[in-house]
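By convention in this document, chain letters (A, B, ...) are assigned in the order of the sequence lines, proteins followed by strands, and residues within each chain are numbered from 1.
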There are 2 protein chains.
Amino acid sequence: MSLRNALLGVLSLREMSGYDIKRSFDHAVHFVWNAADSQIYRELRDMEKHELIVSHLVQQDGKPNKRVYRVTEHGLATLDEWLRSPAEAPFDKEPFLMRLFFMGRIDRDDAIRVLSERRDEIRALLAVASDRLEMYSDLSRTEHPEMLWWQVRLIKGFEHTQTAQLEWIDSLLDELRTQVERDHGTEVPGLMSED
Amino acid sequence: MSLRNALLGVLSLREMSGYDIKRSFDHAVHFVWNAADSQIYRELRDMEKHELIVSHLVQQDGKPNKRVYRVTEHGLATLDEWLRSPAEAPFDKEPFLMRLFFMGRIDRDDAIRVLSERRDEIRALLAVASDRLEMYSDLSRTEHPEMLWWQVRLIKGFEHTQTAQLEWIDSLLDELRTQVERDHGTEVPGLMSED
DNA sequence: ATGGCCATGTAAACGGTTACATGATTGG
DNA sequence: CCAATCATGTAACCGTTTACATGGCCAT
């Protein structure tokens, strides 16, 4: 039911069409949740059936018509109930860590490559996070200042934890590279800064 | 297919029954992956059909008989191919962070409770991690020293990143508590160390 | 006698992914 | 002219979770 909560959450900010929500997911909620369009549309219909949201059609010209959704009182109550409930258990599926668990099977060079790729991905995510943070600082005029407070903290937390993960990966890469140098010792001499 | 890879991984260490694997998941792989028994048994049968593993029945007395699985060459090749392939994308579903994203909706006291609970859970996980690390240091006699190296690094990485997350949550709790104090100002006076 | 360990499963439901379909408008 | 944007969906599939079933052994 996490997608349902995510949808209630974004609709609590303002009424939106499925398409708006998808864009919202792609840019703002992106660090935190994601879903395919088809899943969003299906879930919205289902939520309307359960009276968590209501919709009306909006006629448009030059563009396809759209169906705009708004949260009901019942929907808001459901959202808040979730927010107040005990948090989901942390950590149960971490494909990347699982992979490292068995990484001893393959060559150090391959391991180095896998880790480097992940390092680059994290750096890219951190860049996006830092952009987002700048964006937030521009936007002081919001309908929802309480929301902004949390969203800023969230991005900062994201930066903090991802930086920690980066540090760890970098230290692993260092260890692995010194092992490689030690291994083929003088055979392959001055090769200290390939990245 | 992540469960499949996890199963190939544990079976690459030694041959095991479904039940052994479940216990192995509960204790060692626990930080990294988890699965219900029913899913494990089903997946094992399916993997045998695909010739990634083979099994034989082991007669036991005093205990129910069991089916013990062993990885085939094809299974090992599949495992290694996965290990060498680009890593799964980081971060796409984080229910706890998503919750924080919308946390502005509820009272600070409720938010404090939710965060405190998570903080306690992380502390508990860190305690388990630290135990595991001690356990590993005792066990120098292993059939798979290369595996041990990675598993130790993995736990250390886990400690590192979870500690970072803890720091962040603690700082949030600090901020929230000072806000609460500021809010009902002198009304509720000496209330500085409820935890 | 009660509950935990050993051991393996079936069945149904749920949540999420992937592939595909449609079609008009706008900007480079 | 081509690609992107706007807009909504269907269908099939896959992986995971949950509930339930069975039954002997052993220790408290």
Side-chain angles (χ1 to χ4, degrees), chain A residues 1-8 10-11 15-27 29-30 32-50 52-53 55-69 82 88-89 91-95 98, chain B residues 1-8 10-11 15-27 29-30 32-50 52-53 55-69 82 88-89 91-95 98:
Chain A
M1 297 278 106
S2 276
L3 173 61
R4 175 162 301 193
N5 293 319
L7 294 175
L8 287 173
V10 292
L11 288 176
E15 53 170 45
M16 276 189 254
S17 67
Y19 192 84
D20 293 334
I21 292 173
K22 176 59 182 157
R23 284 214 322 290
S24 184
F25 271 41
D26 285 344
H27 99 280
V29 196
H30 163 263
V32 147
W33 204 261
N34 217 339
D37 335 15
S38 57
Q39 204 194 349
I40 292 172
Y41 289 119
R42 172 151 48 69
E43 187 67 25
L44 285 171
R45 264 176 281 135
D46 202 56
M47 288 164 72
E48 183 157 34
K49 220 163 55 196
H50 286 78
L52 297 163
I53 54 179
S55 72
H56 61 270
L57 274 167
V58 175
Q59 227 71 26
Q60 297 189 118
D61 41 65
K63 291 178 189 179
N65 298 335
K66 62 180 173 181
R67 181 170 291 278
V68 171
Y69 291 91
W82 169 64
E88 296 78 10
F91 265 92
D92 75 320
K93 322 236 139 164
E94 294 289 338
M98 188 178 84
Chain B
M1 296 278 104
S2 276
L3 173 62
R4 176 162 300 196
N5 293 319
L7 294 175
L8 288 173
V10 292
L11 288 176
E15 53 171 42
M16 277 190 254
S17 68
Y19 192 82
D20 294 334
I21 292 173
K22 175 59 181 156
R23 284 215 322 290
S24 181
F25 271 42
D26 285 343
H27 101 277
V29 195
H30 163 262
V32 147
W33 204 261
N34 217 339
D37 334 16
S38 57
Q39 204 194 350
I40 292 173
Y41 289 119
R42 174 149 49 65
E43 188 67 25
L44 285 171
R45 264 176 280 137
D46 203 55
M47 287 163 74
E48 183 158 32
K49 220 163 56 197
H50 286 79
L52 297 163
I53 53 180
S55 72
H56 61 273
L57 274 167
V58 175
Q59 226 71 25
Q60 296 189 120
D61 40 66
K63 292 178 187 177
N65 298 335
K66 62 181 175 180
R67 183 170 289 279
V68 171
Y69 291 91
W82 170 64
E88 297 77 11
F91 266 89
D92 74 323
K93 326 239 134 158
E94 293 288 337
M98 189 179 82

So, does [X] get its side chain near the phosphate of [N], meaning an N or O under 4.0 Å from OP1 or OP2?
X	N	value
A:K93	D:dT17	yes
B:Q60	C:dC6	no
B:R45	C:dT10	yes

Give the rounded distance in Å between these two atoms: [atom1] of [X] and [atom2] of [N].
X	N	atom1	atom2	answer
A:Y41	C:dA21	OH	P	18 Å
A:N65	C:dA24	CG	P	13 Å
B:M16	C:dT8	CE	C1'	17 Å
B:D37	C:dG9	CG	P	12 Å
B:R67	C:dG9	CZ	C1'	12 Å
B:L44	C:dG9	CG	P	9 Å
B:Q59	C:dA7	CD	P	13 Å
B:I40	C:dT8	CD1	C1'	12 Å

Candidates D:dG15, D:dG9, D:dC6 - which lies nearest the side chain of B:Q39
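Taking heavy atoms from C-beta onward, the closest nucleotide is D:dG15.
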Can you identify which nucleotide, out of D:dT16, D:dA7, C:dG16, has its nearest atom closest to the B:W33 side chain?
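Ranking D:dT16, D:dA7, C:dG16 by closest atom to the B:W33 side chain puts D:dT16 first.
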In Å, rounded to the nearest 0.5 Å, how long is the span from CG of B:N65 to CD of B:Q59?
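Reported to 0.5 Å precision, the distance equals 4.0 Å.
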Side chains of B:L44 and B:L11: does their closest heavy-atom pair fall under 4.5 Å?
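A side-chain contact under 4.5 Å exists here.
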For a quick check, with a 4.0 angstrom heavy-atom cut-off, what is the B/S/- contact string for nucleotides 20-28 of chain D, read 5' to 3'?
---B-S---
Donor-acceptor pair present, A:S38 side chain and C:dT18 base, under 3.5 Å:
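Such a pair exists between side chain and base.
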Is it the case that C:dT17 (base atoms only) and A:R42 (side chain only) share a donor and an acceptor within less than 3.5 Å, ignoring hydrogens and angles?
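When only heavy-atom distances are counted, A:R42 does reach the base of C:dT17 through a donor-acceptor pair under 3.5 Å.
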Rounding to 10°, can you tell me the angle the first-five-pair axis of the helix from C:dA1-D:dT28 to C:dG28-D:dC1 makes with its last-five-pair axis?
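Computed from the C1' atoms at both ends, the axes differ by 40°.
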Hey, does [X] reach any base, or is it just sugar-phosphate, or nothing, if we go heavy atoms under 4.0 Å?
X	result
A:K22	nothing
B:S2	nothing
B:R4	nothing

Between A:D61 and A:A35, who's closer to the 5' end of DNA chain C by nearest nucleotide?
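Counting from the 5' end, the first nearest nucleotide belongs to A:A35.
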With no hydrogens and no angle check, do the side chains of B:D20 and B:S17 hold a donor and an acceptor under 3.5 Å apart?
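There is such a pair between these side chains.
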Using the rule given for salt bridge (charged side-chain N to carboxylate O under 4.0 Å, His left out), can you reason through A:D26 versus A:R23, listing the C-alpha separation, both sets of side-chain angles and the distance that settles it, and then say yes or no?
CA-CA 5 Å; A:D26 285 344; A:R23 284 214 322 290; over 6 Å; no
Residues 33-43 of chain A, side-chain donor-acceptor partners within the protein, below 3.5 Å, at least two apart:
from, atom 1, to, atom 2, distance (Å)
A:E43, OE2, A:R4, NE, 2.9
A:E43, OE2, A:R4, NH2, 3.1

